[in-house]
Protein chains: 2
Amino acid sequence: MPGNARVPRPTAQRLSLYLRELERLAAIEQLTVSSRQLGEAVGAADAQVRKDLGIIGHSGMPGIGYRVMALAEAIREVIGVHKQWRAALVGAGNIGRALVAYRSFHEQGFEIVAVFDASATVVGRTVAQLRVRPMTDLAATVAREGIDIGIVAVPAECAQDVADDLVAAGVRGILNFAPRLLSVGKRVAMVNVDFRSALENLVHDVSQREIAEISEAVSKPVARRRRGRGAA
Amino acid sequence: MPGNARVPRPTAQRLSLYLRELERLAAIEQLTVSSRQLGEAVGAADAQVRKDLGIIGHSGMPGIGYRVMALAEAIREVIGVHKQWRAALVGAGNIGRALVAYRSFHEQGFEIVAVFDASATVVGRTVAQLRVRPMTDLAATVAREGIDIGIVAVPAECAQDVADDLVAAGVRGILNFAPRLLSVGKRVAMVNVDFRSALENLVHDVSQREIAEISEAVSKPVARRRRGRGAA
DNA sequence: GTTTGTGAACCGTTTCACAGCA
DNA sequence: TGCTGTGAAACGGTTCACAAAC
């Protein structure tokens, strides 16, 4: 049993990034990497990288580093990308169409094999060689095509209904683009991608940076005021 | 002076979600919320909500809760969404076009006011009433239009170049859709939206859930809460 | 009764620092 | 020398629990 220890979420997220860099290095035909180099590429400390790789049970060579190809393969296995995942997209709007068009998912272990939409005017049309199907076909298609995951790219108002349908149809995970927390059973995994939150996080960062710059410029680099409601 | 204490990133992220729910409640004309109700809507504990709101210096009424409108406004102020942000989109591909088409950004404090692309065949076309401009216009347009943030929706290979151009043009933050860590100066904020990582995180969750279910089924269901795997 | 505000305990992750190996 | 692996310490965030306020 190589890679099935419990993987903390922060580590899992970094594994994705390591993998991206390892694939780049493999393309460059670099054979080994140090934890330092890998860490720099993804914005993590070297010790962090070593801890992460230790967690998934992968060893490197002291004085040398890690073998690029072997490490990439080990990470793919832990993430679960060594097999091909089949996805159903629900919602053939702007985001949905952009996702289907993104061909390189396919080389990365993912494939959108069916597209659904609730709107009668969209059903029957073709996006990226896939015919848009009516929602009534969902359950049957998921079963027939062996679909593992659902992608929700519909307006917030109907997102929960779609999620319910997907769960009932038997998907194991949902990637949600609607700006709404969806409730699904514990047996179904769920990841959110929320443009609005991302933008808000960004402008919050910008705002904080602004006030930091201002107070930096105003105060001598000694005063450490702030601390609002500190106890005595 | 109200909301400029240091806000931890996890808190900032939840503030976005609180705001979403508060806007929904405001639309329903609910006047107050308890930390419990707010927490349930975003998947956080009630104490967590109270801590978060304490951090931004907002008080509620014991026995009653928080005033919906006032809280929403306070959060908008902390996030920085009380002002309108102007964005430049670089990359008029699938993702780019989907973003421009997403009209409701506008009511949420964001507006894409210019679109750029490096490809001569795309420059000059119109997406959502905006003419696609050549990259050579970037610096001048950012200055003239008072653009605060840049959105990078180009292939990974040119993402760093685009980011450099945006920083040189004077944007304060970058929202990056390219699957590549971009380096920008410390003065510029940066948030990544990475579909591939999101998908990988999802399937990793699915995989872990699978092994958890298996080992659960194997061992006796003796009211063992979680903790799935006994050590080797 | 309900619900807030908050010190204190708790927990998981990150960073440090260094022994051990190539 | 360069680099890994790993305990131990430091850090930051979350959860608990309860007094105070309505």
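Everything quoted here is computed from the prediction, not taken from an experiment. Labels below follow one simple rule: chain letters A, B, ... track the order of the sequence lines, proteins then strands, and each chain is numbered from 1.
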Kindly give the atom pairs (protein nitrogen or oxygen, nucleotide nitrogen or oxygen) under 3.5 Å for nucleotides 16-22 of chain C.
from: C:dA22; atom 1: O4'; to: A:Pro62; atom 2: O; distance (Å): 3.2

Salt bridge (Lys or Arg N to Asp or Glu O under 4.0 Å) contacts touching residues 164-180 of chain B (sequence neighbours left out): A:Glu210-B:Arg172

Any pair counted as ring-ring contact (aromatic ring centres under 6.0 Å, His included), so long as it reaches residues 165-198 of chain A, sequence neighbours left out: A:Phe177-B:Phe195, A:Phe195-B:Phe177

Partner residues of B:Tyr66 under the ring pair (Phe, Tyr, Trp, His ring centres under 6.0 Å) criterion, sequence neighbours left out: none

Ring pair (Phe, Tyr, Trp, His ring centres under 6.0 Å) involving A:Tyr18 - partner list, sequence neighbours excluded: none

side-chain hydrogen bond (donor to acceptor under 3.5 Å, both in side chains) partners of residues 197-206 of chain A, not counting sequence neighbours, each pair once: A:Asp194-A:Ser197, A:Arg196-A:Glu200, A:Ser197-B:Arg20, A:Glu200-B:Ser16, A:His204-A:Gln208

Pairwise distance CD1(A:Ile56) to CD(A:Glu77) - rounded to 0.5 angstrom: 10.0 Å

Short side-chain N/O contact to C:dT2 OP1/OP2 from B:Tyr66, under 4.0 Å: no

With B:Glu111 via salt bridge (Lys or Arg N to Asp or Glu O under 4.0 Å) - residues at least two apart: none

First and last nucleotide of DNA chain D, 5' to 3', lying under 4.0 Å from heavy atoms of chain B: D:dG13 to D:dC22

For residues 185-192 of chain A, tabulate all N or O donor-acceptor pairs below 3.5 Å that involve a side-chain atom, not counting sequence neighbours.
from: A:Arg187; atom 1: NH2; to: B:Glu213; atom 2: OE1; distance (Å): 3.3
from: A:Asn192; atom 1: OD1; to: A:Asn176; atom 2: ND2; distance (Å): 2.8

Strand contacts (DNA chain C) in residues 22-38 of chain B, 4.0 angstrom heavy-atom criterion: B:Ser34, B:Ser35

Residues 38-48 of chain B side chain polar contacts: donor-acceptor under 3.5 Å, at least two apart:
from: B:Gln48; atom 1: NE2; to: B:Asp52; atom 2: OD1; distance (Å): 3.4

Pairing residues for B:Ser34 by the side chain to side chain donor-acceptor pair (under 3.5 Å) criterion, not counting sequence neighbours: none

Atom-pair distance (CG on B:Asp46; P on C:dT6), nearest Å: 15 Å

